[in-house]
Q: 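Here it is, the structure in full.
Here is how names work: the chains are called A, B, and so on, in the same order as the sequence lines, proteins then strands, and each is numbered from 1.
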Number of protein chains: 2
Amino acid sequence: MVYRAIVVDVDGTLTFEDRSLDCRAVEALRSLEVPVVIATGNVLCSARTASKLIGTGGIVIAENGGAVECGIVEYDTTYKQRCEEAFEFLSRHLALEKLDPENRKTEVGLRRNFDVEKAREMLKAAFPDIEIVDTGFAVHIKGKSINKGTGLRRIAELMGLESKDFVAIGDSPNDVEMLEVAGFGVAVGNAHPALKRVADLVTEGKHGAGVAEAVGELKKRREII
Amino acid sequence: MVYRAIVVDVDGTLTFEDRSLDCRAVEALRSLEVPVVIATGNVLCSARTASKLIGTGGIVIAENGGAVECGIVEYDTTYKQRCEEAFEFLSRHLALEKLDPENRKTEVGLRRNFDVEKAREMLKAAFPDIEIVDTGFAVHIKGKSINKGTGLRRIAELMGLESKDFVAIGDSPNDVEMLEVAGFGVAVGNAHPALKRVADLVTEGKHGAGVAEAVGELKKRREII
């Protein structure tokens, strides 16, 4: 199988723990001829900037699949109101701090300074359509049926491809669906066990070293150019 | 003189012409012990993301000095309304396209696809307080008395420093005032002649190679650590 594009998570995958770019990953991505898509839980403005600085072509998945940009911009705001209701509900019992509220259009992002398990328990009964995802960098209150996998399907469609044409690389539980719908899934060495379980390849290297290792391996196999 | 901090422009200075990061500059900045401030004409959300990815501490000057962040966020919206009026005035005669209108709070950013000289001529009489700056990446309609120099003064104050404690590095006409108020000004090799004229050092290297060269030279002189 020769893959026709690659989609890569940012925080923890292209970056170190402190969210600074691992230049080994940047150079590996720049060595590819196929399109490189950036996929993140961050807001679209941040995803766009990351794409520019990394040197990919501006095709991005943001807000965990809620926002996509490929020439045109699309927001799926189906669950925004429900996420806000869930936030209000949780805020009665927990001290929560929103991240990028002005720019986040499809979900609610929160600082990681509260008991996520407790919040999950509280939401279960009243909000069966809403879930809480902890990426290790932020916590997201999001619609269950929107994720980086649905975002990848839509981006693939906008690019005239299938999601199976993609190699997907990530580190965190919010990358699971993206790896599942991609043709080949890579979990970097520092990835969460839940992501390693669904990956076709788990790299030895962590963060950017893992990305460079996966790109090198797939080039060697002539499965990506 | 030992400088206590450094402030660096992003597009064209830390990046190549295509706005992708020059990793040589990233590594040079990460080798420093002093605080590194990012200064850009871009919106705050973009400046923040750049600071995270480059691996500096989140202290930023955005919107050409109109927005600063150092723990707290400050916007100087004094000229926003006048900039919008100037935009409306110019739009009667020129086809202009705004950049990041949702996130730009202190000035108006425009795509570089119109006759900037003609626009400057048109504004002269009716808008003496407003200027048009072309960074080579975008065109900005901005208040004359707000610039990266005033932004640097404010950031220095928030950091408990003087602007003269800073080394400033840039490439473009919108960096002139920043170099003027800094203690030591560097223009990278690809810089606009107007910036080279006010610089204490013009590097041989272009873009990130110039940044790495300046950092190396100042370290050798023991003027920065």
Q: Could you tell me if the side chain of B:Leu21 sits less than 4.5 Å from the side chain of A:Val26, heavy atoms only?
A: no
Q: Does A:Arg153 have more than 12 heavy atoms from other residues, nucleotides or ligands lying within 6.0 Å of its CZ?
A: no
Q: Is a side-chain donor-acceptor pair under 3.5 Å present for A:Ser46 with B:Thr49?
A: yes
Q: So do the side chains of B:Asn103 and A:Cys45 get within less than 4.5 Å of each other, counting heavy atoms only?
A: yes
Q: Could you check whether any side-chain heavy atom of B:Glu27 comes within less than 4.5 Å of a side-chain heavy atom of A:Cys23, counting everything from C-beta outward?
A: yes
Q: Any side-chain heavy-atom pair from A:Leu53 and B:Leu14 closer than 4.5 angstrom?
A: no
Q: Given a strict heavy-atom distance threshold of 4.5 Å, which part of A:Asp100 is in contact with chain B: side chain, backbone, both, or neither?
A: side chain
Q: Should we say atom CD of A:Glu102 is surrounded by more than 12 heavy atoms from elsewhere, each under 6.0 Å from it?
A: no
Q: Distance from B:Lys52 atom NZ to A:Asp11 atom CG, nearest 0.5 Å?
A: 7.5 Å
Q: Would you mind checking which part of B:Thr15 comes under 4.5 Å of any heavy atom in chain A, side chain (CB onward), backbone (N, CA, C, O), both or neither?
A: side chain
Q: I'd like to know whether CZ of A:Arg30 has more than 12 heavy-atom contacts from other residues, nucleotides or ligands below 6.0 angstrom.
A: yes
Q: Considering residues, nucleotides and ligands other than A:Arg221, do more than 12 of their heavy atoms fall under 6.0 Å from its CZ?
A: yes
Q: Can you establish whether the number of heavy atoms outside A:Lys206 located under 6.0 Å from its atom NZ is more than 12?
A: no
